[in-house]
Amino acid sequence: MDNPILPSTLLLTLLLSVGLFFFIRASTKDRITKAELVSEQDEAALMPRVKEYFRSRSYQVAAIDGDKNQVTFEGFVQPSWFLAVFLTLLSFAGMLCLALVLSLLFPNFGTWFLTLVILSPLSGMFYWKKSGRVETVSFQIEEANRGELSSPSKITIIAHRDELMELQRALQLQSAE
């Protein structure tokens with residue numbers, strides 16, 4: 001154990017393992033954001049388009065508040081097979097690296113450390129269980145310039161970040177900021 005390279009390699013591998021752990025954990029994080037979007041269409045024409053968009057994405061109306069002109073949708077978000085396999089492969093590579101460094105550092109237990117690789121499918125299962133969930137989308141449409149005929153509409157929406165980007169792209173909405 002006079003070689004200082006192995007302990008420093010172990011330290012770097014442990015730091016990378018911590019980063020991998022937090023990356024896997026962050027893959028299931030909720031990324032709900034609030035955005036204000038503007039459309040050239042008036043409120044009467046825009047509301048059915050937004051409702052139809054969310055229905056086409058398998059969301060169902062959960063609540064309607066007529067006083068605030070607010071609609072809430074709920075829908076189940078399916079986990080991604082690609083991401084589950086990708087996280088499992090990343091975990092496999094990380095565990096294999098850790099096992100190789102530990103087997104070099106402690107040669108008497110070398111083959112036992114390779115059993116760490118068996119734990120790699122747990123990351124895919126963790127992602128699969130945590131990311132499949134019911135998500136809520138809430139939006140409110142109001143006239144940007146009240147009193148004008150065919151004035152642009154402002155949508156205040158609370159949804160997942162990716163859903164907001166897709167809605168903005170599909171309905172050609174502009175950011176209010």
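These numbers were taken from a predicted model, which means no experiment stands behind them.
Not counting sequence neighbours, the partners of Asp30 by the side-chain hydrogen bond (donor to acceptor under 3.5 Å, both in side chains) test are Arg133. Residues that satisfy the salt bridge (Lys or Arg N to Asp or Glu O under 4.0 Å) test with Arg49, not counting sequence neighbours, are absent from this structure. Judged as a side-chain hydrogen bond (donor to acceptor under 3.5 Å, both in side chains), and not counting sequence neighbours, Ser103 has no contacts. Scanning for salt bridge (Lys or Arg N to Asp or Glu O under 4.0 Å) contacts around Glu166 gives Arg169, with sequence neighbours left out. Judged as a salt bridge (Lys or Arg N to Asp or Glu O under 4.0 Å), and not counting sequence neighbours, Glu52 has no contacts.
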What's the verdict on side chain to side chain contact (heavy atoms under 4.5 Å, CB included) for Phe23 and Leu90, showing C-alpha distance, side-chain angles and the deciding distance? CA-CA 10 Å; Phe23 180 75; Leu90 279 180; 3.7 Å; yes
Might you work through the side chain to side chain contact (heavy atoms under 4.5 Å, CB included) test for Lys29 and Lys130, ending with a clear yes or no? CA-CA 9 Å; Lys29 183 180 175 189; Lys130 293 283 186 173; over 6 Å; no
Would Leu98 and Leu10 count as a side chain to side chain contact (heavy atoms under 4.5 Å, CB included) here? Give the steps. CA-CA 7 Å; Leu98 181 62; Leu10 176 64; 4.3 Å; yes
Show the numbers, then the answer: is there a side chain to side chain contact (heavy atoms under 4.5 Å, CB included) between Lys154 and Leu37? CA-CA 6 Å; Lys154 182 176 96 172; Leu37 306 172; over 6 Å; no
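You'll find the side chain of Lys51 reaches within 4.5 Å of the side chain of Phe73, heavy atoms only. In this structure the side chain of Ser91 reaches within 4.5 angstrom of the side chain of Ile24, judged on heavy atoms.
By the rule that hydrophobic residues join a cluster once side-chain heavy atoms approach within less than 4.5 Å of another member, Met47 and Val61 end up as members of one cluster. At a threshold of 4.5 Å between side-chain heavy atoms, the hydrophobic network of Ile, Leu, Val, Met, Phe, Trp and Tyr places Leu14 and Leu102 in one connected group. Using a 4.5 Å cut-off between side-chain heavy atoms of Ile, Leu, Val, Met, Phe, Trp and Tyr, with links allowed through other members, Ile157 and Leu171 fall into the same hydrophobic cluster. Put simply, Ile158 and Phe54 are part of two different groups of oily side chains (I, L, V, M, F, W, Y) that touch within less than 4.5 Å, one to the next. Phe21 and Val18 end up in the same hydrophobic cluster when Ile, Leu, Val, Met, Phe, Trp and Tyr side chains are linked at under 4.5 Å.
With hydrogens and angles disregarded, no donor-acceptor distance shorter than 3.5 Å links the side chain of Ser39 to the backbone of Leu173.
A 6.0 Å sphere centred on OH of Tyr53 holds more than 12 heavy atoms belonging to other residues, nucleotides or ligands.
Between the CG atom in Leu167 and the CG atom in Asp162 there is a gap of 12.5 Å [rounded to 0.5 Å]. Once rounded to the nearest 0.5 Å, the distance linking OG1 of Thr72 with OH of Tyr59 reads 12.5 Å. Rounding to the nearest 0.5 Å places CZ of Phe92 at 9.5 Å from SG of Cys97. Rounded to the nearest 0.5 angstrom, Arg25 CZ and Leu20 CG are separated by 13.0 Å. In this structure, Thr156 OG1 and Gln140 CD are separated by 5.5 Å, a value rounded to the nearest 0.5 Å. In this structure, His160 NE2 and Arg31 CZ are separated by 6.0 Å, a value rounded to the nearest 0.5 Å.
Nearest heavy atom pair, residue Pro4 against residue Ser8, reads O-OG, 3.2 Å. Closest approach of Ile141 and Ser153 over heavy atoms only: CG2-CB, 4.0 Å.
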Could you list the donor-acceptor pairs under 3.5 angstrom formed by side chains in residues 107-128, with sequence neighbours left out?
unit_1	atom_1	unit_2	atom_2	d
Thr115	OG1	Trp112	O	2.4
Ser120	OG	Val117	O	2.8
Ser123	OG	Leu87	O	3.2
Ser123	OG	Ser120	O	2.8
Tyr127	OH	Ser80	N	2.9

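Ser138 and Gln70 are linked by a side-chain donor-acceptor pair at a separation below 3.5 angstrom, with hydrogens and angles left out of the test.
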